[in-house]
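Structure first, then comments.
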Amino acid sequence: MKAILANVKYLRTSLSSLSRSYSPTPLASHAGAGNPSSSALHDEFVNLCYQRDLPNAMKAMAAMERHGIFADSITYSELIKCCLARNAVKQGMLVHKHVFSNGYQPKTFLVNTLINMYVKFNLLEQAQALFDQMPERNVVSWTTMISAYANAKLSKKALESLVLMLREGALPNMYTFSSVLRACDGLVNLRQLHCCMIKLGLESDVFVRSALIDVYSKLDKLKDAVCVFNEMETGDLVVWNSIIGGLAQNSEGDEALNQFKRMKRAGFATDQATLTSVLRACTGLALLELGRQVHVHVLKFDVDLILNNALLDMYCKCGNLDDAKSVFNRMVVRDVISWSTMIAGLAQNGYSLEALKFFDLMKASGTKPNNITILGVLFACSHAGLVDDGWYYFQSMKRHYGIDPEREHYGCIIDLLGRAGKLDEAVKLIQEMKGEPDATTWRTLLGACRVHRNVDLAIYAAEQVLKLDPEDAGTYVLLSNIFANSQRWEDVSKVRRAMKDKGIAKEPGCSWIEVNKQIHAFVLGDTSHPKSNEINRRLNQLIHKLMGIGYVPDTNYVLQDLEGEQRDDSLRYHSEKLAIVFGLMSLPMESAIRIRKNLRICGDCHTFAKLVAKMENRLIVIRDPIRYHHFQNGVCSCGDYW
DNA sequence: TTAGGGTTAG
């Protein structure tokens with residue numbers, strides 16, 4: 001029986017080989033067609049193509065042509081795949097010449113294969129030339145070009161091609177839509193495309209669906225992305241990854257993790273992309289313990305660069321630099337993102353000098369810095385008070401690394417000068433900077449004014465922020481406090497009125513802490529936590545103890561009258577204080593107390609955290625939306641500037 | 001012969 005099956009198999013192979021071998025070109029000499037030696041030549045050529053033996057296949061093709069035998073479209077196509085597999089550009093171009101020699105009119109699919117080869121070799125012009133000369137273009141020809149335009153970020157050309165294709169009468173398929181969606185950079189286009197896909201009944205294709213979810217997420221239309229996802233009856237891993245990634249990238253970490261749980265329950269195995277997005281969600285939510293659990297699964301994909309970079313970032317952003325360094329040291333391959341992540345991570349967590357050492361190591365390793373690397377370097381300089389070094393890096397970045405300073409780099413230098421109390425120079429730089437300063441630029445100056453108590457400049461900076469970002473509650477609050485501290489009550493009323501008129505309310509402060517894999521959230525005045533009474537009792541005891549060693553609540557940080565609360569109480573129950581006390585109650589002595597906040601930490605809580613860290617001999621790490629604070633032995637890594 | 005998802009700052 002086995003022998004019969006083997007014979008049947010042999011027979012099929014031979015027939016298939018014969019059908020490929022004997023399709024000579026119209027103008028080719030047929031003299032050798034029935035000649036066994038010519039047939040052997042052709043067979044050998046076909047075999048070499050299928051074996052991806054490019055050098056010998058090229059030789060065989062030449063020998064064959066010397067005998068007047070020419071390959072058919074299928075075999076040429078195999079040879080082109082051979083060139084692609086070996087990244088052999090020159091040979092690919094040579095095959096192109098052969099295809100069009102002897103007046104042969106190649107079939108459409110062969111020209112498509114050639115176009116695809118040029119696209120993959122990044123030779124868009126050559127692909128375009130072939131495409132333009134085609135007498136007949138089918139959906140594959142158009143899709144290959146649309147995909148090439150999308151890859152080259154030529155969005156307009158990709159979308160225009162879709163229109164031209166329709167005008168020519170070619171009907172787009174799921175391949176076309178999943179390609180053109182990558183080029184979609186505006187909502188109007190996207191809505192039209194989406195309708196078109198529904199009409200053609202292509203919306204349920206998994207490739208189209210994942211591309212739709214991805215593009216809606218990238219255009220900040222998460223609700224639409226979720227809608228597309230929820231309509232899914234059948235899906236695959238990539239569709240799940242698209243929604244998890246979209247949520248994680250749009251600061252919806254909680255929801256990303258929920259979808260991840262649903263995906264696991266649905267029986268899907270995770271891959272590198274899933275884990276990368278889950279890590280990103282952990283990073284956003286500062287979930288160190290969950291991140292550590294994911295780390296165990298990452299070990300399965302040890303050499304995946306993107307995944308390791310995400311892991312590195314998770315440890316940095318959760319304030320755990322030892323683990324970040326350990327991951328970094330074990331990485332088999334590192335790229336500019338790995339280095340930039342480490343440099344920024346060290347700098348943001350207060351290890352500026354080490355960040356600059358890493359920058360030197362990076363240069364020695366031969367990795368070229370990019371604009372983000374330089375941001376990390378400048379950040380490190382400003383946080384270590386290295387004004388001269390910061391200036392040097394800023395002024396030489398173009399010369400040494402070919403990177404033009406952008407608004408963000410100016411922002412770092414304004415911060416650097418601001419920290420050093422050089423407010424006049426900071427203002428001068430804003431006036432001289434290339435491009436218009438934005439709200440963030442002025443907010444940076446405002447921060448410096450607050451620290452160095454320059455009231456007039458602070459008012460000016462705050463006004464500039466509000467001109468550019470009229471809804472910025474934080475700046476209104478700050479401005480109101482500045483006026484109140486200067487006894488300018490009329491101005492205080494004006495700010496309050498403006499807030500009321502515009503319906504701007506101060507975002508309630510919220511702090512999160514992870515204990516036993518559970519997230520505990522605290523809001524000012526919120527008594528919903530099961531241990532609320534005990535937390536408040538312990539907090540009062542702690543404040544009493546701290547006052548014994550000189551702690552005086554700093555009521556400068558209370559927004560006068562705006563919240564209608566008692567000033568002391570308002571300060572006393574700030575969310576981070578509640579979270580710190582809960583951490584002291586719930587975590588073992590050797591564990592750091594890690595807290596994430598949605599608002600910037602206030603001066604009073606900052607002093608409170610420093611004193612608690614010293615008195616209780618604990619490491620307290622608080623991550624606010626901009627800065628990291630490591631409180632230990634009565635000092636903070638931010639150097640009291642934030 | 002054509003297609004989809006993951007990493008650094010802000």
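Remember, predicted model here, so these are calculated numbers, not experimental data. FYI, side chains are in, hydrogens and waters are out, and symmetry mates aren't considered; it's all heavy atoms of this structure. Letters A, B, ... mirror the listed sequences (proteins, then strands); counts begin at 1.
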Legend entry - Check: B:dG6 base within 3.5 Å donor-acceptor of A:Asn309 side chain: no

Legend entry - Side chain of A:Ile372 - closest among B:dT8, B:dA3, B:dT7: B:dT8

Legend entry - Polar side-chain contact A:Ser179-B:dA3 base: donor and acceptor under 3.5 Å: no

Legend entry - Euclidean distance, atom CE of residue A:Met134 to atom C1' of B:dT2 [Å, nearest integer]: 12 Å

Legend entry - A:Leu193 CG to B:dA3 P, straight-line distance once rounded to whole Å: 18 Å

Inset, instruction - Side chain of A:Asn138 only, please: which of B:dT1, B:dT8, B:dT2 is the nearest? - result: B:dT1

Legend entry - Interatomic distance, A:Leu321 CG vs B:dT8 P [rounded to whole Å]: 17 Å

Legend entry - Residue A:Thr113, side-chain atoms from C-beta onward, closest of B:dT1, B:dG4, B:dT7: B:dT1

Inset, instruction - Looking only at side-chain atoms of A:Leu375, point me to the closest of B:dT1, B:dG4, B:dA9. - result: B:dA9

Legend entry - A:Lys120 side chain near B:dT1 phosphate (N/O to OP1/OP2, under 4.0 Å): no

Inset, instruction - Indicate yes or no: does A:Lys363 engage A:Asp360 in a salt bridge with an N to O separation below 4.0 Å. - result: yes

Legend entry - Closest to the A:Asn116 side chain, choosing from B:dT8, B:dG4, B:dT1: B:dT1

Legend entry - Closest to side chain of A:Arg280, choosing from B:dG10, B:dT1, B:dT8: B:dT8

Inset, instruction - Measure from CD on A:Gln249 to C1' on B:dT7 and round the result to the nearest Å. - result: 10 Å

Inset, instruction - Go through B:dT8, B:dA3, B:dT1 for me and flag the one nearest to the A:Ser147 side chain. - result: B:dA3

Inset, instruction - Please work out whether the ring planes of A:Tyr216 and A:His194 are parallel, tilted or perpendicular, with thresholds of 30° and 60°. - result: tilted

Legend entry - Of the listed nucleotides B:dT2, B:dA3, B:dG10, the one nearest the side chain of A:Met174: B:dA3

Inset, instruction - Ignoring the backbone of A:Gln272, work out which of B:dG6, B:dA9, B:dT1 is nearest its side chain. - result: B:dG6

Inset, instruction - May I ask you to verify whether the side chain of A:Thr341 and the base of B:dT8 hold a donor-acceptor pair under 3.5 Å? - result: no

Inset, instruction - Please determine if a side-chain N or O atom of A:Lys317 lies less than 4.0 Å away from the OP1 or OP2 oxygen of B:dT7. - result: no

Inset, instruction - Determine if A:Tyr175 stacks with B:dT2; use a centre-to-centre distance below 5.5 Å and an interplanar angle below 30° as the criteria. - result: yes

Inset, instruction - Under 4.0 Å between any heavy atoms, over every strand shown, what does A:Leu307 touch: base, sugar-phosphate, or nothing? Just pick one. - result: base

Inset, instruction - Could you tell me the separation between the CG atom of A:Leu378 and the P atom of B:dT8, rounded to a whole number of Å? - result: 19 Å

Legend entry - Under-3.5 Å donor-acceptor pair between A:Asp271 side chain and B:dG6 base: no

Inset, instruction - Look at the side chain of A:Asn349 and the backbone N and O of A:Gly345, then say whether any donor-acceptor pair between them is shorter than 3.5 Å. - result: yes

Legend entry - Donor-acceptor pair present, A:Ser210 side chain and B:dG4 base, under 3.5 Å: yes

Legend entry - Gap between atoms CG and P, on A:Asn371 and B:dG10 respectively (whole Å): 12 Å

Inset, instruction - Give a yes or no answer on whether the side chain of A:Arg86 reaches the backbone of A:Arg52 with a donor-acceptor pair at less than 3.5 Å. - result: yes

Legend entry - Among B:dG6, B:dT1, B:dA3, the one nearest A:Lys81 by side-chain distance: B:dT1

Inset, instruction - For the pair A:Phe131 and A:Trp142, name the ring-plane relationship: parallel under 30°, tilted 30 to 60°, perpendicular over 60°. - result: perpendicular

Legend entry - Between B:dG4 (P) and A:Phe207 (CZ): distance, integer Å: 8 Å

Inset, instruction - Evaluate the ring planes of A:His383 and A:Phe379, with Trp represented by its six-membered ring, and classify them as parallel (under 30°), tilted (30 to 60°) or perpendicular (over 60°). - result: parallel

Legend entry - Side-chain N or O of A:Lys218 closer than 4.0 Å to phosphate OP1/OP2 of B:dG6: yes

Inset, instruction - Classify the nucleic acid contact of A:Val119 as base, sugar-phosphate or nothing, counting any heavy atom under 4.0 Å across all strands shown. - result: nothing

Inset, instruction - Would you tell me if any nitrogen or oxygen in the side chain of A:Arg407 comes within less than 4.0 Å of OP1 or OP2 on B:dA9? - result: no

Inset, instruction - Check every strand shown and say whether A:Val239 touches a base, only sugar-phosphate, or nothing at a heavy-atom separation below 4.0 Å. - result: base

Under 3.5 Å, which donor-acceptor pairs link side chains of residues 267-286 of chain A to any protein atom two or more places apart or in another chain?
{"unit_1": "A:Asp271", "atom_1": "OD1", "unit_2": "A:Asn241", "atom_2": "ND2", "d": "3.1"}
{"unit_1": "A:Asp271", "atom_1": "OD1", "unit_2": "A:Ala273", "atom_2": "N", "d": "3.1"}
{"unit_1": "A:Asp271", "atom_1": "OD1", "unit_2": "A:Thr274", "atom_2": "N", "d": "3.1"}
{"unit_1": "A:Asp271", "atom_1": "OD1", "unit_2": "A:Thr274", "atom_2": "OG1", "d": "2.9"}
{"unit_1": "A:Thr274", "atom_1": "OG1", "unit_2": "A:Asn241", "atom_2": "OD1", "d": "2.8"}
{"unit_1": "A:Thr274", "atom_1": "OG1", "unit_2": "A:Asp271", "atom_2": "N", "d": "3.0"}
{"unit_1": "A:Thr274", "atom_1": "OG1", "unit_2": "A:Asp271", "atom_2": "O", "d": "3.4"}
{"unit_1": "A:Thr276", "atom_1": "OG1", "unit_2": "A:Gln272", "atom_2": "O", "d": "2.6"}
{"unit_1": "A:Ser277", "atom_1": "OG", "unit_2": "A:Ala273", "atom_2": "O", "d": "3.4"}
{"unit_1": "A:Thr283", "atom_1": "OG1", "unit_2": "A:Leu279", "atom_2": "O", "d": "2.7"}

Legend entry - Whole-Å gap separating C1' (B:dG6) and CG (A:Leu257): 15 Å

